Amino acid sequence: MSECLFCRIINKQVPARVAHEDERVLAFEDITPQAPVHILVIPKKHLSTVLDIGPDDHALIGHMLQTAGNIARERGIADRGFRLVMNTNPEAGQTVYHIHLHILGGRPLHWPPG
Ligand code: 5GP
Ligand code: ZN
């Protein structure tokens, strides 16, 4: 998916401030942070939305969640609290169609979201 922005970030064709990388996932700072900590965790496998997650992807999705928790600990927001968000399709505000887990924290987060 060479036309996909996040695949291009994975392939280092587009620069990003990387927070974590391993063989299955990449985590990097959001370019327009909405909170003091705003990091995106993405799978290296291209999946457009959560609706494309299949039975073979369960371990990958679990690894994304565990990675997000590890990053929250590293950034000092684990105990204070943080939010994990995956926007899906237009009404939820998805703008990049390569799944990404937003890690948001470092300030009080309101509920319900807008
Ligand atoms: P969505 O709106 O799809 O849930 O989230 C997409 C996120 O990607 C947005 O928060 C946006 O700021 C971020 N984003 C878009 N383009 C880039 C980019 O080129 N680099 C980085 N680091 N983040 C990006
Ligand atoms: Zn992609």
Side-chain angles (χ1 to χ4, degrees):
M1 296 290 289
S2 57
E3 72 276 20
C4 167
L5 172 62
F6 284 178
C7 283
R8 290 170 65 82
I9 288 178
I10 290 165
N11 293 330
K12 314 296 184 198
Q13 295 165 306
V14 172
R17 294 171 60 194
V18 172
H20 170 86
E21 179 166 16
D22 61 41
E23 68 283 358
R24 287 182 286 171
V25 302
L26 180 70
F28 54 95
E29 308 274 349
D30 196 292
I31 204 166
T32 311
Q34 302 299 319
V37 176
H38 189 175
I39 293 170
L40 305 175
V41 182
I42 67 174
K44 290 191 170 176
K45 175 181 179 180
H46 179 92
L47 296 164
S48 295
T49 80
V50 294
L51 300 167
D52 298 310
I53 294 168
D56 292 345
D57 301 317
H58 292 185
L60 175 61
I61 301 304
H63 183 56
M64 287 174 65
L65 286 166
Q66 186 175 7
T67 299
N70 290 342
I71 291 170
R73 269 190 219 97
E74 287 166 14
R75 297 298 172 112
I77 57 170
D79 292 339
R80 293 173 60 183
F82 59 99
R83 188 167 293 162
L84 302 179
V85 176
M86 291 183 91
N87 295 320
T88 302
N89 280 336
E91 284 200 356
Q94 186 173 2
T95 58
V96 179
Y97 281 77
H98 179 130
I99 62 169
H100 46 282
L101 190 59
H102 293 259
I103 306 171
L104 293 154
R107 65 169 173 81
L109 300 167
H110 303 292
W111 193 264

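Keep in mind that what you see is a predicted model, and the values were worked out from it rather than measured. Whatever order the structure lists ligands and atoms in, that order sets their numbers, starting from 1.
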Can you pull out the closest protein heavy atom to [atom]? Residue, atom name and distance to 0.1 Å, please.
| atom | result |
| --- | --- |
| atom 19 (O) of ligand 1 | L5 CD2, 3.7 Å |
| atom 5 (O) of ligand 1 | H100 NE2, 2.9 Å |
| atom 11 (C) of ligand 1 | D30 OD1, 3.4 Å |
| atom 17 (C) of ligand 1 | I31 CG2, 3.6 Å |
| atom 3 (O) of ligand 1 | T95 N, 2.7 Å |

- Query: Do any heavy atoms of R17 fall under 4.0 Å from ligand 1?
  - Reply: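 No, R17 has no heavy atom closer than 4.0 Å to ligand 1.
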Residue [X] vicinity, atoms of ligand 1 by number, heavy atom under 4.0 Å:
| X | result |
| --- | --- |
| N87 | 4 (O) |
| F28 | 21 (C), 22 (N) |
| T32 | 12 (O) |
| E29 | 22 (N) |

- Is the backbone of T32 close enough, under 3.5 Å, to the side chain of Q34 for a donor and an acceptor to pair up by distance?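 Judged by distance alone, yes, a pair lies under 3.5 Å.
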- Under the 3.5 angstrom rule, does the side chain of R107 hit a backbone N or O of P36 as a donor-acceptor pair?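 No, the answer is negative, given that no donor and acceptor are paired below the 3.5 Å cut-off.
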- Which N, O or S atom of H98 lies nearest to the Zn ion (ligand 2), by name: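 Per the distance ranking, H98 contributes ND1 as its closest N/O/S atom to the Zn ion (ligand 2).
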- Hey, which N, O or S atom on H46 ends up closest to the Zn ion (ligand 2)?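 Nearest N/O/S atom: ND1.
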Heavy atom under 4.0 Å from ligand 1: found in [X]'s side chain, backbone, both, or neither?
| X | value |
| --- | --- |
| Q34 | neither |
| F6 | side chain |
| L40 | side chain |

- Nearest 0.5 Å please: distance from the CG atom of L26 over to the CD1 atom of I42.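 Answer for the CG-CD1 pair, L26 versus I42, is 5.0 Å.
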With clusters defined by side-chain heavy atoms of hydrophobic residues (ILVMFWY) lying less than 4.5 Å apart, directly or transitively, does [Y] cluster with [X]?
| X | Y | result |
| --- | --- | --- |
| F6 | V85 | no |
| I71 | L84 | yes |
| V41 | V37 | yes |

Before signing off on this row, confirm whether [X] and ligand 1 have an N or O atom pair separated by under 3.5 Å.
| X | value |
| --- | --- |
| Q94 | no |
| V96 | yes |
| A16 | no |

- Query: Does NE2 belonging to H110 count more than 12 external heavy atoms closer than 6.0 Å?
  - Reply: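 Incorrect, the count does not exceed 12.
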- Query: How far apart are the closest heavy atoms of H46 and Y97, and which atoms are they?
  - Reply: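 Scanning both residues completely, I find the closest heavy atoms to be CE1-O, 3.3 Å.
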- Item | Distance-minimising heavy-atom pair for N87 and H102 |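 Where N87 meets H102 most closely, the heavy atoms are ND2-NE2, 3.7 Å.
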